[in-house]
**Student:** 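Okay, handing you the structure first.
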Amino acid sequence: MPKETGYGFASTTLVAGLTMLPSGLCMLVFAPVAARLINSIGGGRTLAIGGVIVAIGWTLRVFVHADLWQVIVGSTVVGIGTGIGYAAMPALISANTPHTELASANGVNTVVRSLGSSLASALGGSIFASFTLTLGSTVLPSLTAYRVLFTICGASALIAAALALLVPHRQDGAIVS
């Protein structure tokens, strides 16, 4: 966004893409951490941890965004939580699905992820269209639009974390309290 918005950095597309690099790298780095968590506390609890981390990242994005490095930190925290959550889902599916249905269950997970991404994009676009500011003849999403979207994302992550805690922890086929 242009600097005139009060929240933009007037960066190039290349810079915008590079700001996402730490998030992606952290997803890779935290995959083994997620695996250890899944093995020690179970997929549901690991997914809950991922959801809480995602919510923290979105909260940072709502309140801390004056400098580009702050945006990168917030996005990186979201990436860490997302990576942990993405690692936990197949473990949850595997622990709670009969082996004969495992391929179907993982397929449904993939479809639901795609559907969720599509719906989130549509919701985000609607929010950006609803909260705008005008610079000259250009209409842009306002800071309020971003804050509303990031708040919804953080709240959704907390709801997912709470729901993940309802999934029984299974180990060797037995439910562990």
Side-chain angles (χ1 to χ4, degrees), residues 7 19-97 105-106 108-131 141-171 175-177:
Y7 61 88
T19 63
M20 296 168 52
L21 185 61
S23 177
L25 291 174
C26 281
M27 285 181 175
L28 288 173
V29 169
F30 278 84
V33 173
R36 285 193 297 276
L37 284 171
I38 291 163
N39 287 330
S40 64
I41 64 172
R45 292 176 185 151
T46 302
L47 180 59
I49 290 169
V52 169
I53 293 170
V54 167
I56 290 168
W58 287 122
T59 301
L60 287 171
R61 293 297 315 273
V62 169
F63 296 107
V64 184
H65 51 264
D67 296 309
L68 186 58
W69 70 267
Q70 295 169 328
V71 172
I72 294 169
V73 168
S75 296
T76 301
V77 172
V78 170
I80 291 168
T82 301
I84 291 170
Y86 275 9
M89 281 304 297
L92 275 171
I93 291 167
S94 180
N96 294 288
T97 304
N106 279 304
V108 168
N109 179 47
T110 301
V111 170
V112 170
R113 275 188 195 180
S114 295
L115 180 61
S117 295
S118 299
L119 289 173
S121 296
L123 175 65
S126 296
I127 290 169
F128 286 164
S130 298
F131 299 92
S142 67
L143 180 57
T144 299
Y146 286 97
R147 286 180 168 159
V148 167
L149 181 59
F150 297 161
T151 299
I152 291 169
C153 291
S156 297
L158 287 177
I159 291 167
L163 291 173
L165 291 174
L166 299 176
V167 177
H169 178 66
R170 295 178 186 265
Q171 200 168 45
I175 296 176
V176 179
S177 57

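What you see is a predicted model; the values in this text were computed from it and never measured.
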**Student:** Before you tell me yes or no, could you show the steps for Leu60 and Gln70 under side-chain contact (heavy atoms from CB on, under 4.5 Å), namely the whole-Å CA-CA distance, both residues' side-chain angles and the distance that decides it to 0.1 Å?
**Tutor:** CA-CA 8 Å; Leu60 287 171; Gln70 295 169 328; over 6 Å; no
**Student:** Got a second to check how far Ile93's CD1 is from Asn109's CG, nearest 0.5 Å?
**Tutor:**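 Reported to 0.5 Å precision, the distance equals 3.5 Å.
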**Student:** Show me the side-chain donor-acceptor pairs of residues 156-165 shorter than 3.5 Å, one per line, residues at least two apart or across chains.
**Tutor:**
| residue | atom | partner | partner atom | Å |
| --- | --- | --- | --- | --- |
| Ser156 | OG | Ile152 | O | 2.8 |

**Student:** Taking Phe131's backbone N and O only, do any of them form a donor-acceptor pair with Thr144's side chain (distance below 3.5 Å, no angle check)?
**Tutor:**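 Absent.
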**Student:** After noting the C-alpha distance and the side-chain angles of Arg113 and Met89, does the key distance pass the side-chain contact (heavy atoms from CB on, under 4.5 Å) rule?
**Tutor:** CA-CA 11 Å; Arg113 275 188 195 180; Met89 281 304 297; 4.0 Å; yes
**Student:** Please report the interatomic distance OG(Ser130) to CG(Leu149), rounded to the nearest 0.5 Å.
**Tutor:**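 The CG atom of Leu149 is 11.5 Å from OG of Ser130, to the nearest 0.5 Å.
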**Student:** Tell me, please, which residues at least two apart from Tyr7 pass ring-ring contact (aromatic ring centres under 6.0 Å, His included).
**Tutor:**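 Tyr7 satisfies ring-ring contact (aromatic ring centres under 6.0 Å, His included) with Tyr146 once adjacent residues are dropped.
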**Student:** Indicate yes or no: at least one non-hydrogen side-chain atom of Leu119 is less than 4.5 angstrom from one of Leu123.
**Tutor:**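 Result no, sub-4.5 Å side-chain heavy-atom pair not found.
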**Student:** Which distance, rounded to the nearest 0.5 Å, do you find between the CD1 of Ile80 and the CD1 of Ile53?
**Tutor:**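 The distance works out to 7.0 Å.
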**Student:** Which pair of heavy atoms, one from Ser75 and one from Arg61, lies closest together, and at what distance?
**Tutor:**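 Smallest interatomic distance, heavy atoms only, reads OG-NH1, 3.1 Å.
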**Student:** How far apart are the closest heavy atoms of Gly154 and Ala55, and which atoms are they?
**Tutor:**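 Of all heavy-atom pairs spanning Gly154 and Ala55, the closest is O-CB, 3.6 Å.
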**Student:** Once ring-ring contact (aromatic ring centres under 6.0 Å, His included) is applied, what residue pairs with a partner in residues 51-91 remain, sequence neighbours excluded?
**Tutor:**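 The answer is Trp58-Phe150.
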**Student:** What closest approach, in Å, do Ile72 and Pro22 show between heavy atoms, and which atom pair accounts for it?
**Tutor:**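 Here Ile72 and Pro22 meet closest at CG2-CG, 3.8 Å.
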**Student:** Nearest 0.5 Å, please: how far is CZ in Arg36 from CD1 in Ile41?
**Tutor:**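 Nearest 0.5 Å value for the CD1-CZ distance: 12.5 Å.
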**Student:** With no hydrogens and no angle check, is any side-chain donor or acceptor of Ser40 less than 3.5 Å from a backbone partner on Leu37?
**Tutor:**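 It does hold such a pair.
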**Student:** Could you tell me the separation between the CE atom of Met20 and the OG1 atom of Thr76, rounded to the nearest 0.5 Å?
**Tutor:**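 One finds 10.5 Å between CE of Met20 and OG1 of Thr76.
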**Student:** Nearest 0.5 Å, please: how far is OG in Ser94 from CD1 in Ile38?
**Tutor:**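 Ile38 CD1 to Ser94 OG: 10.5 Å, rounded to 0.5 Å.
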